[in-house]
Colleague: 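Sharing a structure, written as structure tokens. Questions coming.
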Amino acid sequence: MYIATNRIRVQENFGEKLESRFKERRGIEKQPGFLNFELWKLDDPEERGCEEYLVVTRWESESDFRAWAKSDMFNKAHSGPRQEYILEHPTFKGYEGRQSFRLLHPLDETVGSDIQKEVG
């Protein structure tokens, strides 16, 4: 698994505008290898006067992500001038997934019961 992140800092009180832009699906969900999208907001920014977000996408492989980043859909989704409320160019980081753990149904004794015994 490959995880791509972008840290985006926006002017204070403009976070909702950024969130609204990400609600628009621009084809990423149709891209081969795409698994998941999440938008995280930092709950206590170090610098006042800004809001910080982390865009997190998960892919089956780095090559799937790179294909998306070179696609016409990507270019279209990222075209045009940068919004004035975005304070700086987003900071990209890519990660190779090594381990993952998730409890799917914590209240369902028939699913993941061996895991529940460990944690509960």
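This chain uses plain numbering: 1 for the first residue, then up along the sequence. Model, not experiment: these values are computed from the prediction.
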Colleague: Please check if atom CD in Glu24 has more than 12 non-hydrogen atoms from other residues, nucleotides or ligands closer than 6.0 Å.
Modeller: yes

Colleague: Is there side-chain contact between Gln11 and Glu84, with at least one heavy-atom pair below 4.5 Å?
Modeller: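 Side-chain contact under 4.5 Å: no.
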
Colleague: Using the side chain to side chain contact (heavy atoms under 4.5 Å, CB included) rule, take Leu42 and Leu54 through it: C-alpha gap first, then chi angles, then the decisive distance, then the call.
Modeller: CA-CA 8 Å; Leu42 185 64; Leu54 192 65; over 6 Å; no

Colleague: Let me confirm one number: the CZ-CG distance from Arg9 to Leu18, rounded to the nearest 0.5 Å.
Modeller: 13.0 Å

Colleague: Within the structure provided, determine whether Met73 and Gln31 are in side-chain contact (heavy-atom separation under 4.5 Å).
Modeller: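 Yes; the side chains approach each other to less than 4.5 Å.
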
Colleague: So, the side chain of Glu12 versus the backbone of Glu51: is there a donor-acceptor pair under 3.5 Å, distance only?
Modeller: no

Colleague: Run the salt bridge (Lys or Arg N to Asp or Glu O under 4.0 Å) check on Glu62 and Arg66 step by step: do they pass?
Modeller: CA-CA 6 Å; Glu62 182 178 0; Arg66 299 286 174 207; 3.1 Å; yes

Colleague: Checking salt bridge (Lys or Arg N to Asp or Glu O under 4.0 Å) for the pair Glu52/Lys41: CA distance, chi angles, key distance, verdict?
Modeller: CA-CA 6 Å; Glu52 186 173 313; Lys41 181 178 180 184; over 6 Å; no

Colleague: Above 12 or not: heavy atoms from other molecules or residues under 6.0 Å from CG of Asn75?
Modeller: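 More than 12 within 6.0 Å, yes.
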
Colleague: Mind running side chain to side chain contact (heavy atoms under 4.5 Å, CB included) on Glu96 and Arg98 for me, showing each step along the way?
Modeller: CA-CA 6 Å; Glu96 183 179 315; Arg98 297 296 189 157; 3.4 Å; yes

Colleague: Would you give the length of the straight line joining atom CD1 of Ile86 to atom OH of Tyr53, rounded to the nearest 0.5 angstrom?
Modeller: 11.5 Å

Colleague: Is there a path of hydrophobic side-chain contacts, each under 4.5 Å between heavy atoms, that joins Val56 and Trp68?
Modeller: no

Colleague: Relative to each other, are the rings of Phe65 and Phe92 parallel, tilted or perpendicular (30° and 60° limits)?
Modeller: parallel

Colleague: Please determine which of Phe34, Tyr95, Phe37 meets the ring-ring contact (aromatic ring centres under 6.0 Å, His included) test together with Trp59.
Modeller: Phe34

Colleague: Let me confirm one number: the CD1-OH distance from Ile8 to Tyr85, rounded to the nearest 0.5 Å.
Modeller: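 If I round to the nearest 0.5 Å, the distance is 9.0 Å.
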
Colleague: Distance check, rounded to the nearest 0.5 Å: Lys23 atom NZ versus Leu39 atom CG?
Modeller: 10.0 Å

Colleague: Under the side chain to side chain contact (heavy atoms under 4.5 Å, CB included) criterion, do Asp64 and Tyr2 qualify, and how do the steps go?
Modeller: CA-CA 9 Å; Asp64 289 330; Tyr2 186 76; over 6 Å; no

Colleague: To the nearest 0.5 angstrom, please state how far the OG atom of Ser100 sits from the CZ atom of Arg58.
Modeller: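 Interatomic distance, Ser100 OG to Arg58 CZ, rounded to 0.5 Å: 7.5 Å.
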
Colleague: Does a side-chain heavy-atom distance below 4.5 Å link Thr57 with Ile28?
Modeller: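 Yes - at least one pair of side-chain heavy atoms lies under 4.5 Å apart.
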
Colleague: To the nearest 0.5 Å, how far apart are OG1 in Thr5 and CD in Glu38?
Modeller: 12.0 Å

Colleague: Apply the test side chain to side chain contact (heavy atoms under 4.5 Å, CB included) to residues Lys93 and Arg7: give CA-CA distance (whole Å), side-chain angles for both, the deciding distance (0.1 Å), then the verdict.
Modeller: CA-CA 8 Å; Lys93 292 193 179 190; Arg7 183 185 72 134; over 6 Å; no

